[in-house]
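Worksheet: the structure to be examined is printed underneath.
Positions are given from 1 along the sequence. Note that ligands are numbered from 1 as they come in the structure, with each ligand's atoms numbered from 1 the same way.
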Amino acid sequence: MSNLHGVVDLDVAGATISRHLYGHFAEHLGRCIYEGFWVGEDSDIQNSAGIRDDVVQALKDISIPNLRWPGGCFADEYHWMNGVGPREERPSMVNTHWGDVVEDNSFGTHEFMRLCELLGAEPYVSGNVGSGTVAEMADWVEYLTRSGDAPMSRLRREHGRTEPWKVPFWGIGNESWGCGGNMTAEQYAQLASQFSTYCRNHDGNELYRIAAGPHRDDYAWTETLMKSISTLGGPVEERHHQRWQALSFHYYTHATDDWKHKGSATEFSAAEYHATMVNAWRIDEIVRGHARVMDVYDPEATVGLVCDEWGTWWDVEPGTNPGFLFQQNTLRDALVAGLHFDVFHANARRLVMANIAQTVNVLQAMVLTDGARMVLTPTYHVFAMNAGHQDATHHAVQVTSSDARFEGEQGAYPTLTTSVSSKDGTALVSLTNLDVDAPATVRLDLRGRDWQVSAARVLSAPTVQAHNTVEAPGTVAPAAFDGARRDGTSLVVDLPAHSFATVELTLG
Ligand code: AHR
């Protein structure tokens with residue numbers, strides 16, 4: 001049994017937690033786009049213009065703020081022109097990264113923009129630097145966002161869309177240190193500058209250009225990129241309008257250091273559980289590390305940090321295509337998500353967006369489909385329970401004492417993490433107890449505003465291996481929670497072992 005005591009000043013505003021920290025990522029990979037979203041107009045699965053309704057509704061229910069597409073590694077071999085125009089005339093290609101399957105381009109730009117409209121999500125388009133050209137990327141921006149009589153806006157109209165779309169987020173390549181071209185930071189910094197220059201703001205559409213940043217804790221890459229924009233001269237605001245506005249990094253959580261054996265999603269030992277949490281907790285050091293480097297070159301935090309791929313990555317489910325990255329999702333995955341969000345909230349001044357990988361049927365998915373059936377994963381429920389943090393004001397938790405810590409041969413991690421935010425006369429407290437065996441108590445002295453507990457929910461199960469299937473979709477699901485109470489000015493929460501909980505407060 002462990003305890004954490006802390007103080008929270010509800011009248012002291014921290015950074016705003018951007019709703020885009022709850023962003024998503026959908027790649028042309030395995031059954032994410034095809035079957036996960038796109039079933040085609042003729043499918044027996046209920047759909048709107050070929051996009052399945054059940055998945056859209058599930059994602060709307062968690063207020064999905066943005067969707068990154070078409071990759072991932074796929075983005076750097078995707079040529080957008082092949083995915084517009086009449087579907088039967090679109091050329092095919094081989095998806096060399098993911099399963100070596102033939103991609104028929106039936107899901108392209110118009111289908112993606114329609115999907116975003118159905119979801120009410122803002123599009124985040126990832127452009128091709130690795131095998132594309134500057135002109136190709138510039139044309140794509142024009143096709144999507146320009147009105148009037150420009151060549152690409154005419155082509156878009158010929159393809160059935162009169163008005164331009166709004167595209168707020170634009171990625172300048174993906175993992176350019178690896179699958180996106182195997183470049184050095186210096187090579188990429190030069191290309192990022194060149195490609196970004198020609199991604200124009202047309203007709204009032206202002207692009208937030210996101211440069212492909214480092215792998216995990218490659219702080220040198222971040223430094224090279226930051227230096228490349230800090231030497232341009234002139235006021236910092238103007239410089240950012242000319243080039244890119246943010247840089248991204250990716251961080252995945254595994255149970256082992258062996259890429260060939262990442263561990264099973266559902267059958268794992270206590271030792272693997274601890275190794276998972278040690279690795280998950282590294283996100284804290286990595287976010288802070290990149291932010292520290294950025295602070296040197298940009299103390300006002302005008303350049304955003306984006307974690308546009310994060311989540312767990314296990315061995316694929318037995319019998320499935322190794323290139324499709326299909327994995328189950330247990331309570332362990334949900335706890336990894338709870339921990340990540342606490343770290344993201346605490347770093348919201350610099351961290352402006354995060355995208356879990358990936359939305360449907362791939363890696364740490366929200367939703368798994370099986371033909372016409374669909375199941376919500378434990379991770380989905382964390383997104384749902386935490387939705388109140390979107391665009392809320394963060395309040396730092398000053399920990400005054402805590403004995404909630406695991407230390408073992410795998411390394412160390414805190415077994416309790418928490419975050420607090422407020423918005424519109426309410427506050428939301430999230431609590432994650434990573435202790436696999438023992439319950440825990442959190443006591444937070446909530447100062448500066450009067451408050452009352454209005455609701456509480458908990459996500460747990462008898463074991464951390466518990467997961468949902470189409471046969472048993474409710475094995476891990478949120479339940480009403482009576483473990484939260486007021487004691488004087490303190491909120492006291494008794495958490496079961498391996499659980500995630502949220503407590504809603506009404507503020508006076
Ligand atoms: O999400 C799967 C892959 O992981 C992405 O395509 C790539 O960017 C990363 O390595």
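Interface atoms of ligand 1 facing Phe25, defined by a heavy-atom separation under 4.0 Å, are 1 (O). Each of the following atoms of ligand 1 lies closer than 4.0 Å to a heavy atom of Glu27: 1 (O), 2 (C), 5 (C), 6 (O). For ligand 1, the atoms closer than 4.0 angstrom to any heavy atom of Asn174 are 8 (O). Taking every heavy atom of Glu175 and a limit of under 4.0 angstrom, the matching atoms of ligand 1 come to 7 (C), 8 (O), 9 (C), 10 (O). For ligand 1, the atoms closer than 4.0 angstrom to any heavy atom of Tyr252 are 1 (O), 2 (C), 4 (O). The distance from ligand 1 to the heavy atoms of Cys73 drops below 4.0 Å at these ligand atoms: 5 (C), 6 (O), 7 (C), 8 (O). Heavy-atom contacts of Leu363 reach the following atoms of ligand 1: 1 (O), 2 (C) (cutoff under 4.0 Å).
Defined by atom type and a distance below 3.5 Å, a donor-acceptor pair is missing between the side-chain atoms of Asn355 and Tyr124.
Note on ligand 1: Phe74 sits outside its first shell, no heavy atom being nearer than 4.0 Å.
Salt bridge absent: Asp54 and Arg373 never bring a charged side-chain N and a carboxylate O closer than 4.0 Å.
Closest heavy-atom approach to atom 2 (C) of ligand 1 among the candidates Gln358, His215, Gln364: Gln358.
The residue from Trp259, Trp310, Trp313 that alone fulfils the ring pair (Phe, Tyr, Trp, His ring centres under 6.0 Å) condition with Tyr252 is Trp313.
Backbone and side-chain nitrogen or oxygen atoms of Gly72 are examined, and none is located within less than 3.5 angstrom of a nitrogen or oxygen of ligand 1.
Glu267 CD: 12 or fewer foreign heavy atoms inside a 6.0 Å radius.
Listed for the Arg349 side chain is no donor-acceptor partner under 3.5 Å among the backbone atoms of Ala346.
At a 4.0 Å heavy-atom cut-off, ligand 1 touches Trp313 through the side chain alone.
Nearest to atom 8 (O) of ligand 1 among the protein's heavy atoms is Glu309 OE2, 2.7 Å.
Between Thr377 and His467 there is no side-chain heavy-atom pair separated by less than 4.5 Å. Considering only heavy atoms from C-beta on, Pro123 stays 4.5 Å or farther from Leu67 through its side chain.
Taking the six-membered ring where the residue is Trp, Tyr78 and Trp69 present perpendicular rings, their angle passing 60° and hence far from 30°.
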